[in-house]
Amino acid sequence: MKRIWFLTRIFSMVLTGVVFAVALFTTVINPTDTVETSLFWQMPLVSALCTLVSLIYPWEREMSKTEVIARTLVHYVLVNGIVLGSGAFFHWYNPSAIRNIVTMLLAIALIFAVVSVISWKKAEADAARMNEKLEEYQKKADSPKG
């Protein structure tokens, strides 16, 4: 159940970032009067694929700093592949124009960074809360019964 909540939270953050990126693209970077309706199923699909890639992180054990860095880099490369590949497949951008690719890469980097920071902060807060509860439990267990 914990993984489902995690994936749901990541999916909602990724989809929110994608919606903001599309809004920025269609109003500022490449202004358009209309947006194709197919975009409304493409965005959640690509967001779901990017969310599933986050399962590369282990749940049952702690990771070393080196492993965290390596998995984060692999995660980032996979997300870039999914978004750039999907974007080319769905004709979101012109892959032969370097400016479009750079813009896509910047959008991916920004969304990835924001989602990662929020996730890390949430995990940090959860760990602190769990440590606090454990400390309270240990104090109760160690105190003499009166």
Side-chain angles (χ1 to χ4, degrees), residues 1-32 35-142:
M1 193 63 159
K2 206 174 194 181
R3 286 185 194 194
I4 292 171
W5 283 115
F6 169 78
L7 291 173
T8 301
R9 187 170 33 90
I10 297 297
F11 173 76
S12 64
M13 287 189 289
V14 170
L15 183 57
T16 300
V18 169
V19 168
F20 278 111
V22 168
L24 181 67
F25 276 104
T26 59
T27 59
V28 177
I29 296 169
N30 190 16
T32 182
V35 175
E36 290 187 39
T37 56
S38 61
L39 194 59
F40 295 111
W41 66 264
Q42 293 168 0
M43 290 187 308
L45 174 67
V46 173
S47 297
L49 291 173
C50 290
T51 298
L52 288 175
V53 173
S54 66
L55 291 174
I56 67 168
Y57 298 101
W59 283 78
E60 60 284 343
R61 65 178 174 78
E62 292 288 320
M63 293 184 291
S64 68
K65 188 174 184 175
T66 304
E67 186 180 5
V68 169
I69 292 168
R71 286 183 188 259
T72 302
L73 288 173
V74 168
H75 185 196
Y76 182 70
V77 168
L78 290 171
V79 166
N80 272 279
I82 290 168
V83 175
L84 290 175
S86 298
F89 180 77
F90 293 131
H91 307 289
W92 293 347
Y93 69 101
N94 179 359
S96 63
I98 194 74
R99 179 177 177 259
N100 291 343
I101 294 171
V102 169
T103 305
M104 289 291 287
L105 289 171
L106 289 172
I108 295 165
L110 180 63
I111 294 168
F112 189 89
V114 169
V115 170
S116 294
V117 167
I118 291 170
S119 294
W120 290 331
K121 292 292 183 186
K122 173 88 169 98
E124 221 173 56
D126 289 348
R129 193 169 36 256
M130 287 171 52
N131 286 335
E132 189 177 293
K133 296 274 186 198
L134 181 60
E135 200 173 288
E136 287 175 17
Y137 175 79
Q138 287 174 340
K139 282 181 183 177
K140 285 181 184 177
D142 291 343

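Along the sequence shown, residues carry numbers from 1.
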* Using the salt bridge (Lys or Arg N to Asp or Glu O under 4.0 Å) rule, collect all pairs that involve residues 99-124, keeping only residues at least two apart or in two chains. => Lys122-Asp126

* Out of curiosity, Trp41 CH2 to Glu36 CD, how far, rounded to the nearest 0.5 Å? -> 10.5 Å

* Asked: Does Val53 reach the side chain of Ile82, with side-chain heavy atoms less than 4.5 Å apart?
  -> yes

* Would a 4.5 Å heavy-atom cut-off, applied to side chains only, mark Leu39 and Phe90 as touching? -> no

* When rounded to the nearest 0.5 angstrom, what is the spacing between CG in Leu106 and CD1 in Ile108? -> 9.5 Å

* Val83 and Cys50: which non-hydrogen atoms are nearest, and at how many Å? -> CG2-SG, 3.7 Å

* Asked: Got Trp120 and Val68 here, is their nearest side-chain heavy-atom distance under 4.5 Å?
  -> no

* Those residues that, when tested against Arg71, pass salt bridge (Lys or Arg N to Asp or Glu O under 4.0 Å) (two or more places apart) -> Glu67

* Asked: Once you round to the nearest 0.5 Å, how far does OG1 of Thr103 lie from CZ of Phe25?
  -> 5.5 Å

* NZ-CG distance between Lys139 and Leu134, expressed to the nearest 0.5 angstrom -> 11.5 Å

* Asked: Does any non-hydrogen side-chain atom of Leu52 lie less than 4.5 Å from one of Leu55?
  -> yes

* Asked: Taking everything shown except Glu136 itself, do over 12 heavy atoms lie less than 6.0 Å from its CD?
  -> yes

* Asked: Where do Phe6 and Ser54 land on the side chain to side chain contact (heavy atoms under 4.5 Å, CB included) test, with the steps shown first?
  -> CA-CA 10 Å; Phe6 169 78; Ser54 66; 3.6 Å; yes

* Asked: Does Val115 reach the side chain of Thr16, with side-chain heavy atoms less than 4.5 Å apart?
  -> no

* Do you know the tightest heavy-atom contact between Tyr93 and Ala88? -> CE2-N, 3.4 Å

* Heavy-atom distance under 4.5 Å between the side chains of Thr51 and Leu15, does that happen here? -> no

* Asked: Heavy atoms, side chains only, cut-off 4.5 Å: are His75 and Val79 in contact?
  -> yes

* To do: Report the C-alpha separation of Val114 and Phe20 in whole Å, then their side-chain angles, then the decisive distance to 0.1 Å, and conclude whether the side chain to side chain contact (heavy atoms under 4.5 Å, CB included) test is met.
  => CA-CA 12 Å; Val114 169; Phe20 278 111; over 6 Å; no

* Thr72 and Tyr57: which non-hydrogen atoms are nearest, and at how many Å? -> CA-OH, 3.2 Å

* To do: Would you give the length of the straight line joining atom CZ of Phe11 to atom CG of Leu49, rounded to the nearest 0.5 angstrom?
  => 10.0 Å

* **Heavy-atom check, side chain of Met63 versus side chain of Arg61, under 4.5 Å** => yes

* **Straight-line distance of Ile10 CD1 to Ser47 OG, nearest 0.5 Å** => 12.0 Å

